[in-house]
Amino acid sequence: MQGRSPDQESTGSGTKRSSVSSGGRSRNQKEFFYKFVESEGLSGELLDWFESLAENCAPKQQAFDVPFELIELQKFDYALEGISFQQLIRMPNAVYASTSDAVEATAYLAVEDFLHASVKGLWEAFWSQDEPMPFSVACMYNSNLKFYQAEKAIANGRLGGLCGTGILLNNPRHPHGKWDHVLELALLRPDIRGLSVGSDRQPSPSVLGEALFCAVRMLLARSLSKLSFFPDSSTVFVLIVDSQYGGVVKVEGDVNKLNFDVNNVYGCAAEWVKNHARISVSPIDRIWNKLGNANWGDIGALQVLFATFHCIMQYAGMPKHSVEDLAVDHSSHLQTRRAERQLEDTRENGNSLFRYQQRSVSPEIVEVQEDSVEVELKELMRLEVGSMLWLEDSDWQKGYQIREVISTGELTYYIASYVEDPGKNLFLYVGSHPSQLEPAWEDMSLWYQVQRQTKVLTIMKQKGLSSKYLPQLSASGRIVHPGECRRPSKGGNCEHPWCGTPILVTSLVGETVAEMVRTGQFGSDEVIRCCHDCLSALSTVASAGIRHGDIRPENVICVTSGVRRPYFVLIGWGHAILEDRDRPAMNLHFSSTYALQEGKLCSASDAESLVYMLYYSSGGVFPNLDSVEGALQWRETSWARRLIQQKLGDISTTLKAFADYVDSLCGTPYPMDYEIWLRRLRRNIHEEDHGKEIVAAG
């Protein structure tokens, strides 16, 4: 690196330094810098100037020059061929997302990840693959203009105060960064494309004013710095982005020509911008697509990468591999592509012609590893926070954006929002691709989770079974994959890995009992409420002869959003019993005794599973169960010694009595009397709930 380390003082050689910044620095200049802390102050001083520039511009003429010529970007694009950039955190799409804190937090994480991927890819491609990258990325906090990692800032409740993201020179002595260590700043602002001015897509005055404030502050910090810059410190770049678009602001100028009047910092800074700064502004172009992935090869991301390249060069010096050196490789890449496509370069009369050579037989046989194909397919079908998904059912389509990914260890499902109603969360389940449905446990579990549950919820809807304690079928259908679908006219699916993949969307979203137990949120009140609500759901479906068959902590959720009091909903109906030939799920911990013995359910089987779930969720301990025989033995011993009744009795005598009632019905043909236990449980729920519950029972 040509630049000195952050802690090494400049001796003044090798870099032109002003007399103000070497040795006896002006006290006024330092005080000016410390008082220059509010972007609104500078923006207000520049407002009239912005308006006059817009008025004096001829039609279709830009108020500012562009920072990069198209030929420069094209050459840089050639140099980037073969260089991998990977943004792992996808940018949430503001068009389909709400303005919630979760979306804003994800956006800051996505910008931070985008800048990290950019600077890392450029460093390894142009400077060194062996030396560690000497830069880091952090978010700027508005109140103190210090830098923090986005995750830490969000965790500490500072999300609302974040105002930008910067690439900084690493310095362990200054964990919150120093302004002369800032290579580049990115300002995340909502809808900069919608606020852009004119046909040349220039940023609005308010956004541009913020960018100029950051640029002036960076230049002031560099003029006071002990670092060396290549070729000098008088040029800075500021990025302006939203969740889809972005642009580059380049500011050049000698801040030693600024009048350091500490009583009028913003007026003096504005005069310097008007008279001594050279400002270049790129058009606002798309950086992220609707799925939240960066379009690395398009001009929007390309001009941001080129600005970052220049910023790295200011701190690290000339790269080992120049843009021109890497761009020369474009011709060799082109020849390789021609060979891959079996094109021949023939010359006739000085003109270059390309002739396609068709081969009827492949020259060699390539063995394809099935494992690698399966891994690639899973990678391609992976959904992340911010991903967009379109569902097709009959003649209409619905779009959903992934808000959260939930993994139970066995299966993965999602919390998503409908693009036309982003304020409402839904559960979204994605099944296996029809061609991939093997008798493997994971794929069969997906079939029960999506296809079978869709059938059950559809039947429940047709039968008019409705209760606040039951999930509601919101939508079901198949994924609409990107690109042209080449599905045969006679049915079937095309070769795209998503074609024909089923989706199920249900309403009512909440935290599972399993998660509540893990985090210590499932207390005595929740146990009683959960028992009541699940029994109410079972009562509703029992009227139509339907049983659940898979009651466990992962299949009960607590709904808290948008309600006066939390309540529980029984989900996971894929193993429901609709007719005698159906078989329930087999779970050594929570299945009923009759289910383990006979593979069927009796009238009290769901209630027995509910008792086991409440026993476990209230602190009861299961032994290590590894066989059906062991599970049956534990059940017989526990009921005989009244261990389950005693545990539930510590919470409520009603729960203890309910457990005794269920024990008396196990394995018998006698029906459950739901209504009497719902009444008794309601009496045990807090007094403020009395008379305010609407119970939908069959």
Side-chain angles (χ1 to χ4, degrees), residues 408-410 441 512-518 520 522-535 538 542 547-556 568 570 572 575 577 583-674 676-677 680-681 684:
T408 64
E410 297 177 1
W441 175 250
T512 64
V513 168
E515 183 64 18
M516 294 178 70
V517 171
R518 190 184 68 82
F522 199 73
S524 300
D525 293 339
E526 286 74 22
V527 174
I528 299 172
R529 165 66 74 180
C530 181
C531 184
H532 170 274
D533 296 352
C534 289
L535 275 183
L538 294 174
R547 299 186 180 110
H548 188 278
D550 190 20
I551 294 179
R552 50 194 171 92
E554 293 79 9
N555 280 339
V556 181
F568 292 87
L570 187 56
H575 286 276
I577 306 301
R583 293 294 178 263
M586 301 297 285
N587 188 301
L588 296 180
H589 294 96
F590 302 108
S591 289
S592 69
T593 303
Y594 195 75
L596 292 177
Q597 289 175 330
E598 305 294 336
K600 298 180 180 180
L601 299 186
C602 67
S603 62
S605 287
D606 279 339
E608 184 182 348
S609 294
L610 176 59
V611 168
Y612 295 143
M613 188 195 78
L614 296 175
Y615 166 78
Y616 162 77
S617 302
S618 57
V621 178
F622 285 121
N624 184 21
L625 302 176
D626 55 5
S627 67
V628 173
E629 291 77 13
L632 289 171
Q633 182 62 45
W634 174 81
R635 282 160 173 74
E636 182 180 355
T637 303
S638 298
W639 286 114
R641 295 180 179 178
R642 300 183 56 78
L643 299 178
I644 296 173
Q645 294 95 317
Q646 290 173 14
K647 186 65 180 177
L648 295 180
D650 293 339
I651 299 173
S652 165
T653 55
T654 303
L655 286 178
K656 181 180 180 180
F658 175 67
D660 277 326
Y661 173 75
V662 170
D663 183 33
S664 68
L665 285 182
C666 287
T668 71
Y670 302 114
M672 280 279 300
D673 188 344
Y674 289 102
I676 186 173
W677 290 105
R680 291 181 180 180
L681 287 167
N684 282 260

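Side-chain atoms are counted along with the backbone in the values below, which use heavy atoms only and exclude waters and symmetry mates. The structure presented is a predicted model; accordingly, all values stated were derived computationally and were not measured.
- Other residues, nucleotides and ligands contribute only 12 or fewer heavy atoms inside 6.0 Å of the OH atom of Tyr670.
- Classification of the Trp634-Tyr615 ring pair by plane angle, with boundaries at 30° and 60°, yields tilted.
- Side-chain contact between Leu535 and Phe658: present, with at least one pair of heavy atoms (C-beta onward) separated by less than 4.5 Å.
- Taking the side chain as every heavy atom from C-beta outward, Cys531 and Leu610 approach each other to under 4.5 Å.
- Donor-acceptor pairing under 3.5 Å is recorded for the side chains of Thr637 and Gln633.
- Ion pair Arg529/Glu526 not flagged as a salt bridge, since none of the NZ, NE, NH1 or NH2 atoms sits closer than 4.0 Å to an Asp/Glu carboxylate oxygen.
- Side-chain atoms of Val628 and Leu588, non-hydrogen and from C-beta on, do get closer than 4.5 Å to each other.
- Within the 4.5 Å cutoff, side-chain heavy atoms of Pro553 are placed close to those of Met613.
- Here the closest heavy-atom approach between residue Ser603 and residue Met672 is recorded as O-CG, 3.6 Å.
- Between the side chain of Thr654 and the backbone N or O of Leu681, no donor-acceptor pair lies under 3.5 Å.
- Between the CD atom of Gln597 and the CG atom of Leu632 there is a distance of 5.5 Å, given to the nearest 0.5 Å.
- Under 4.0 Å is where a charged nitrogen must lie from a carboxylate oxygen, and between Lys600 and Glu598 no such pair does.
- Proximity of the aromatic rings of Tyr616 and Phe522 is defined here by a centroid distance below 6.0 angstrom, and this criterion is not met.
- Of all heavy-atom pairs spanning Tyr594 and Leu601, the tightest one is CD2-C, 3.8 Å.
- Across all non-hydrogen atoms, the minimal contact from Ser591 to Ala585 is OG-O, 3.2 Å.
- Put simply, CG on Asn684 and OG on Ser524 are 11.0 Å apart, with the number rounded to the nearest 0.5 Å.
- Residues Trp639 and Ile644 are in side-chain contact: their nearest non-hydrogen atoms beyond the backbone lie under 4.5 Å apart.
- A distance of 10.0 Å separates CZ in Arg547 from OG in Ser592, rounded to the nearest 0.5 Å.
- Counting only heavy atoms from C-beta outward, the side chains of Val556 and Cys530 approach each other to under 4.5 Å.
- Sequence neighbours left out, the pairs with a member in residues 640-656 that pass salt bridge (charged side-chain N to carboxylate O under 4.0 Å, His left out) are Arg642-Asp660.
- Taking the ring centre of Tyr612 as origin, the terminal cationic atom of Arg635 falls inside the region bounded by 6.0 Å and 45° from the ring axis.
- At least one side-chain heavy atom of Phe568 sits under 4.5 Å from a side-chain heavy atom of Val513.
- Nearest heavy atom pair, residue Asn555 against residue Leu570, reads O-CD1, 3.6 Å.
- Ring geometry for Tyr661 against Trp677 counts as tilted: the plane angle lies between 30° and 60°, on a 0 to 90° scale.
- Across all non-hydrogen atoms, the minimal contact from Pro671 to Leu665 is O-CD1, 4.1 Å.
- Minimum interatomic distance between Gly630 and Ser627 (heavy atoms only, all atoms of both residues): N-OG, 3.0 Å.
- Counting only distance, with no hydrogens or angles, the side chain of Asp606 and the backbone of Leu538 share no donor-acceptor pair below 3.5 Å.
- Remark: Arg680 CZ to Leu655 CG distance equals 12.0 Å, nearest 0.5 Å.
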